[in-house]
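Convention: sequence-line order gives letters A, B, ...; per-chain numbering from 1.
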2 protein chains.
Amino acid sequence: MIITKYPQKSDWKNLVQRPTLEKQNLKSLIAEVFDNVSKNGDEALRFYSKKFDSAEIADFRVSRNEIETVKSLISNDLKKAIQQAKSNIEIFHASQKEPINKIETTSGVTCWRESRGIEKVGIYIPSGTAPLFSTVLMLAIPAKLAGCKEIILCSPPNEKGEINPTILYVAELCGVTEIFKVGGSQAIAAMTFGTETISQVYKIFGPGNQFVTTAKEMATEFGVAIDMPAGPSEVLVIADEQAIPAFCAADLLSQAEHGADSQVVFISDNQKFFEETLNELKSQLQNLPRKDLAEKAIENSQFILVENLSEAFEISNLYAPEHLILAIENSEDWTSKIANAGSVFLGNYSCESAGDYASGTNHTLPTNSFSRSYSGVSLDSFLKKITFQNITKQGIQKLGKTIEIMAEAEGLFAHKNAVTLRLNQINQNN
Amino acid sequence: MIITKYPQKSDWKNLVQRPTLEKQNLKSLIAEVFDNVSKNGDEALRFYSKKFDSAEIADFRVSRNEIETVKSLISNDLKKAIQQAKSNIEIFHASQKEPINKIETTSGVTCWRESRGIEKVGIYIPSGTAPLFSTVLMLAIPAKLAGCKEIILCSPPNEKGEINPTILYVAELCGVTEIFKVGGSQAIAAMTFGTETISQVYKIFGPGNQFVTTAKEMATEFGVAIDMPAGPSEVLVIADEQAIPAFCAADLLSQAEHGADSQVVFISDNQKFFEETLNELKSQLQNLPRKDLAEKAIENSQFILVENLSEAFEISNLYAPEHLILAIENSEDWTSKIANAGSVFLGNYSCESAGDYASGTNHTLPTNSFSRSYSGVSLDSFLKKITFQNITKQGIQKLGKTIEIMAEAEGLFAHKNAVTLRLNQINQNN
């Protein structure tokens with residue numbers, strides 16, 4: 001715990017400095033995987049699945065039979081919970097659809113945008129310490145709503161060659177078109193180049209370890225888009241005296257349990273409440289199954305006591321958190337102070353885990369200060385917006401001279417000529 | 001000219017193959033520039049300005065005085081033209097503002113998005129064969145509308161240390177906050193790291209040569225976002241018998257004159273019209289000032305005669321053009337056939353140069369088949385959309401169990417606990 005009381009403004013920038021990640025240089029290793037998969041397809045995938053996942057995979061494609069079988073393995077309570085989360089995520093992401101809005105910018109010049117789903121998208125779901133079926137909901141639901149035609153999912157198998165059943169269940173429920181038992185950088189390479197079994201996609205989504213992250217970056221060099229750059233998960237909590245120490249401590253810990261490199265920042269303007277929250281945090285920490293991870297994350301985290309809430313918001317904007325919790329009175333009145341954040345949770349009952357699972361917002365969000373320039377995943381992430389224009393004879397008459405003058409000033413005479421020919425034809429026919 | 005008549009479907013993919021760009025490996029050179037600029041700031045910029053632009057620059061910042069001086073150098077006709085273009089671009093991009101739409105996904109669970117302008121953005125405007133002041137309009141106008149606070153612009157100076165006056169005029173007109181006389185990869189490095197004179201930015205926009213493009217890619221490794229990957233400009237024209245050969249030829253040439261590597265694809269279902277357009281093209285080509293560039297581009301370009309318009313759209317979607325012109329009857333009825341394109345021009349009077357300059361749509365568009373996964377620049381490119389949620393006591397009671405079950409199924413007990421504590425408190429107080 002790094003506790004700072006009433007820091008000077010000149011120190012704020014240092015306080016919100018993220019620890020430099022020791023980014024291993026994995027590029028040459030991943031480049032080898034990419035080269036092998038691009039040349040040898042499924043055979044290379046088999047080689048790496050054995051090497052990295054100790055799994056011998058005959059057919060990477062999950063069969064209809066396997067999907068049917070898992071349905072009986074999921075409890076009814078979990079199915080009901082997934083259904084409520086799915087419904088909320090659908091409602092919120094469907095509300096992001098943009099109606100077509102035709103704008104006449106000049107008489108006879110009509111411009112608009114139409115959305116099209118990206119035809120082929122790939123979702124990567126890691127296995128590891130937690131089976132992130134919630135991320136399947138967060139990525140497959142907007143992909144389906146966007147109208148993506150092929151939605152493929154890759155997830156690493158266990159040593160028996162199986163994918164976590166809840167991941168399979170949710171993928172099927174949300175309309176994933178094909179599921180493949182392959183993980184790591186080899187899965188990203190497969191979706192980048194395509195293999196005999198796995199389709200090439202146009203955009204890859206989803207979290208992953210350093211191998212997967214480096215592979216996604218490499219995929220962009222081969223013309224495949226990715227959702228966003230990845231870093232460890234983060235929360236920043238701003239709380240005042242009306243907040244509840246137990247709730248704040250629980251929210252900080254729910255972030256910390258993600259991993260030892262999780263980032264937690266706590267800012268308050270009230271000393272008594274500040275101390276109470278620290279005590280609550282220490283006591284709640286003791287009972288967590290993932291105590292070791294959370295404890296390490298908390299060790300490196302910032303607890304800052306400030307003079308007033310305005311300072312708190314300035315520090316938060318400097319940090320640009322992935323998750324921002326405002327446990328303050330009349331929290332909604334303060335939102336205009338927020339310049340940089342991924343997703344914001346207002347008041348004492350909007351806990352981060354609501355947004356992580358079930359309220360409807362997306363949990364794939366910009367980390368590592370990328371909320372300064374990136375939005376989280378939304379329906380838009382699975383769409384392209386194509387601009388259209390329809391210019392009538394009257395329209396080009398109104399606009400033609402302007403285009404001619406500008407094209408000539410840029411020295412682009414063929415651009416000018418395309419207009420001049422049209423204006424001449426219209427004048428001749430009048 | 002590569003002319004293909006009635007190709008088999010199996011050949012389409014080859015027809016739309018873009019020539020492999022000989023991407024020089026500039027990475028080590030650019031890495032050196034980045035390293036030098038990050039360490040030595042303005043001094044490094046001075047070194048590279050002298051080396052690459054033969055310009056000795058004392059102060060990179062364009063002064064108020066220089067900006068005032070250029071105003072008298074721009075003709076009134078050009079000022080009026082720029083004003084009409086600006087007005088149309090403003091109208092269309094302002095129409096892209098998203099109203100706040102609060103959605104109650106479950107009773108007591110309210111979710112919405114709010115937009116915030118990216119606080120600091122950088123615009124790069126090349127000089128070279130054409131002074132692209134139109135690109136200043138296309139980038140500075142949406143930046144200003146988005147509410148970006150710092151909008152800086154870098155453009156290479158000539159040997160006298162001056163930037164093109166129209167670029168300065170338009171930058172000032174559109175609300176660019178500071179203009180710097182620096183170009184090439186050193187300008188991108190300056191905006192990535194900041195120097196004594198030039199601010200660090202969060203996102204960099206704008207076209208450029210291979211040095212600039214490679215530098216923008218490198219900027220992303222240092223946490224700076226960029227508008228999109230860049231490639232040579234392209235147009236695909238689909239035309240039927242009602243189209244006008246002179247217009248189609250002029251549109252193809254207005255693309256071709258951009259550079260020898262410009263991509264032009266022409267598809268028609270009518271043989272007579274097809275031949276007439278080829279003849280028109282050869283004759284118009286003779287009179288162009290940039291004939292040499294256009295001729296080289298046309299040499300490598302595809303002219304395809306197809307059986308019917310449905311085939312034309314299938315080929316176009318495979319190619320995924322930056323610009324798509326539909327010079328066909330009832331063109332608006334065909335738009336649902338378009339899966340991949342950057343910007344679409346409908347009918348005989350919607351020439352590409354209208355969109356390049358003045359109709360209102362943006363001309364910064366995805367090339368090199370990136371329209372499969374990327375949109376062109378829009379207001380959104382200068383914004384982040386932050387999600388918000390406000391959950392009441394009633395809301396967490398309705399949603400709590402779902403979150404608890406899902407968190408437990410993922411093995412994340414601190415996530416569960418954040419909800420359980422709240423539910424317990426509510427139950428105790430009831």
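Heavy atoms closer than 4.5 Å to chain B are found nowhere in A:Pro229, neither backbone nor side chain. When heavy atoms are compared at a cutoff of 4.5 Å, B:Gln284 approaches chain A solely by way of its side chain, counted from C-beta outward. For a residue to count as touching a neighbouring chain, one of its non-hydrogen atoms must lie under 4.5 Å from one of that chain's; by this rule B:Gln425 touches chain A with the side chain only. Heavy-atom distances place the backbone of B:Ser336, and not its side chain, under 4.5 Å from chain A.
Looking at B:Arg422, its side chain does come within 3.5 Å of a backbone N or O of A:Asn348 through a donor-acceptor pair. Not a single donor-acceptor pair under 3.5 Å links the side chain of A:Gln389 to the backbone N or O of B:Ser359. Of the possible polar contacts, none joining the B:Ser254 side chain to the A:Ala414 backbone as a donor-acceptor pair under 3.5 Å is found.
Applying the salt bridge (Lys or Arg N to Asp or Glu O under 4.0 Å) test to A:Lys416 and every residue at least two apart in sequence or in another chain returns A:Glu408. When the salt bridge (Lys or Arg N to Asp or Glu O under 4.0 Å) test is applied to B:Lys149, the partners found at least two apart in sequence or on another chain are B:Glu119.
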Test side chain to side chain contact (heavy atoms under 4.5 Å, CB included) applied to B:Asn88 and A:Leu399, step by step: CA-CA 10 Å; B:Asn88 286 349; A:Leu399 202 59; 3.4 Å; yes
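Of all heavy-atom pairs between A:Phe413 and B:Leu288, the closest is C-CD2, 4.5 Å. Between A:Lys385 and B:Ser375, the shortest heavy-atom distance links the atoms N-OG, 2.8 Å. Taking all atoms of both residues into account, the shortest heavy-atom contact from B:Thr402 to A:Ala358 is CG2-CB, 3.7 Å. Of all heavy-atom pairs between B:Arg372 and A:Lys384, the closest is O-CD, 3.1 Å. Closest of all the heavy-atom pairs between B:Ser343 and A:Thr387 is OG-OG1, 2.6 Å.
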